[in-house]
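Everything below concerns the one structure shown next.
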There are 2 protein chains.
Amino acid sequence: MGLTIGQIAENTGLSIHTLRYYEKEGIMPHVKRNESGNRIYEPEDVEVLKFICCLKETGMPVKEIKKFVSLLMMGEQTIEDRITILLRQKENVQSQVDQLLSYIQMLDGKVEFYKSILESSKKEKRV
Amino acid sequence: MGLTIGQIAENTGLSIHTLRYYEKEGIMPHVKRNESGNRIYEPEDVEVLKFICCLKETGMPVKEIKKFVSLLMMGEQTIEDRITILLRQKENVQSQVDQLLSYIQMLDGKVEFYKSILESSKKEKRV
DNA sequence: ATAGAGCCTAGAGTTAACTCTAGATCAAGC
DNA sequence: GCTTGATCTAGAGTTAACTCTAGGCTCTAT
């Protein structure tokens with residue numbers, strides 16, 4: 001068993017092109033092939049892919065993801081390095097969240113400002 | 001009074017090139033010039049620029065920022081449209097935040113998993 | 001009056017991350 | 001046996017958002 005590239009594209013939202021690109025670039029470890037050379041994704045490949053998407057979506061550049069994946073493929077002696085990378089990434093994401101929350105404040109402030117302009121122009125018309 | 005492009009670059013962190021590019025692309029309204037043709041940024045320009053940075057940092061593409069800025073320049077009759085855009089952007093940012101928080105969970109989960117591997121390999125050595 | 005700093009424009013170049021194309025294989029169904 | 005649909009590779013093309021270059025002003029300090 002295992003899924004074809006088309007099925008994976010379907011249920012990750014990534015395109016087939018992107019999946020092949022990820023593999024070519026070493027962002028995704030090599031995936032097994034069947035007799036006719038087609039990629040077959042096993043459940044653990046799907047897991048890895050999802051985690052890679054997490055790294056990507058939180059803004060880790062492809063080059064660094066590549067580094068992380070190469071640690072992955074080197075086995076258990078790289079676990080401490082992987083922890084270090086992930087903890088740094090987590091801090092990173094946390095400060096992104098803080099930034100975004102302050103931008104929400106800013107957007108809100110502007111909306112309120114605009115609303116107050118609308119209010120006062122309504123009053124003017126009423127006068 | 002007013003600030004030069006170099007001073008603005010200094011205190012926004014944007015490069016001089018980027019500031020000119022923003023103006024050329026209509027992302028930033030036209031800035032006044034002095035007698036010798038150099039840009040002079042007034043406090044209100046700085047305000048607008050900061051807000052543009054907020055839109056950009058929250059993921060609004062340059063094309064849409066452009067649209068927003070053109071509404072800005074059309075005056076008060078576009079305020080309702082601006083509110084609509086900003087509220088949509090706010091929702092947008094809120095769901096980014098939610099996403100990021102769930103990714104933090106995921107990173108944490110992986111770190112814990114790695115730590116448990118380290119723990120159990122320590123025990124093995126001790127045995 | 002000249003050297004240097006900071007500014008100008010137009011337009012070319014770069015980078016990251018895809019995205020697509022061409023030409024080929026291969027298994028399944030009519 | 002032939003078409004259709006999914007897959008393959010290598011490599012070219014695209015897009016967004018800058019980033020830089022060349023060649024040219026203008027003000028200030030020596």
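Excluded from the calculations below are hydrogen atoms, water molecules and symmetry mates; all remaining heavy atoms, backbone and side chain alike, are included. Numbers restart at 1 for each chain; the letters A, B, ... are given by sequence-line order, proteins then strands.
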Here the pair of heavy atoms bringing Leu118(B) nearest to Glu80(A) is CD1-CG, 3.9 Å
For atom CD of Glu10(A) and atom P of dT7(D), their distance in whole Å: 10 Å
Grab the CD1-P distance between Ile5(A) and dC26(C) for me, whole Å please. 18 Å
Contact state string [nucleotides 25-30 of chain D, B base, S sugar-phosphate only, - no protein heavy atom under 4.0 Å]: -SS---
Checking Asp81(B) against Met74(B) for the side-chain contact (heavy atoms from CB on, under 4.5 Å) test, could you report, in this order, the C-alpha distance in whole Å, the side-chain angles of both residues, the deciding distance, and whether it holds? CA-CA 11 Å; Asp81(B) 292 345; Met74(B) 287 169 65; over 6 Å; no
Measure CG/Leu19(A) against C1'/dT7(D) and give the value in whole Å, please. 13 Å
Between the side chains of Glu76(B) and Ser121(A), is a donor N or O closer than 3.5 angstrom to an acceptor N or O? no
Given 3.5 Å as the limit, does a donor-acceptor pair link the side chain of Glu57(B) with the main chain of Gln99(A), or not? no
Please confirm whether the shortest side-chain N or O distance from Thr4(B) to OP1 or OP2 of dC7(C) is below 4.0 Å. yes
Find the distance Lys32(A):NZ to dT7(D):C1' and express it as a whole number of Å. 18 Å
Summarise protein proximity over nucleotides 13-25 of chain C in one line of letters, 5' to 3': B for base, S for sugar-phosphate only, - for none, counting protein heavy atoms closer than 4.0 Å. ---SBBBBB----
Rounded to whole Å, how long is the line connecting atom CG of Asn34(A) with atom P of dA27(C)? 9 Å
Tell me the closest heavy-atom pair linking Met106(A) and Lys50(B), and the distance in Å. CE-O, 3.8 Å
Between dT9(D) (P) and Glu25(A) (CD): distance, integer Å: 14 Å
Rounded distance [0.5 Å steps], CG in Leu72(A) versus CZ in Arg82(A): 5.0 Å
Is it the case that the side chain of Gln7(A) and the backbone of Thr4(A) share a donor-acceptor pair, with hydrogens and angles ignored and the cut-off at 3.5 Å? yes
Between dC7(C) and Arg39(B), is there an OP1 or OP2 to side-chain N/O distance shorter than 4.0 Å? no
For atom CD of Glu23(B) and atom P of dA10(C), their distance in whole Å: 12 Å
Does any non-hydrogen side-chain atom of Asp45(A) lie less than 4.5 Å from one of Leu49(A)? no
Between atom CD1 in Ile8(B) and atom C1' in dC7(C), what is the gap in whole Å? 14 Å
State yes or no: do Ile16(B) and Val31(B) share one hydrophobic cluster built from I, L, V, M, F, W and Y residues joined by side-chain heavy-atom distances below 4.5 Å, directly or via other members? yes
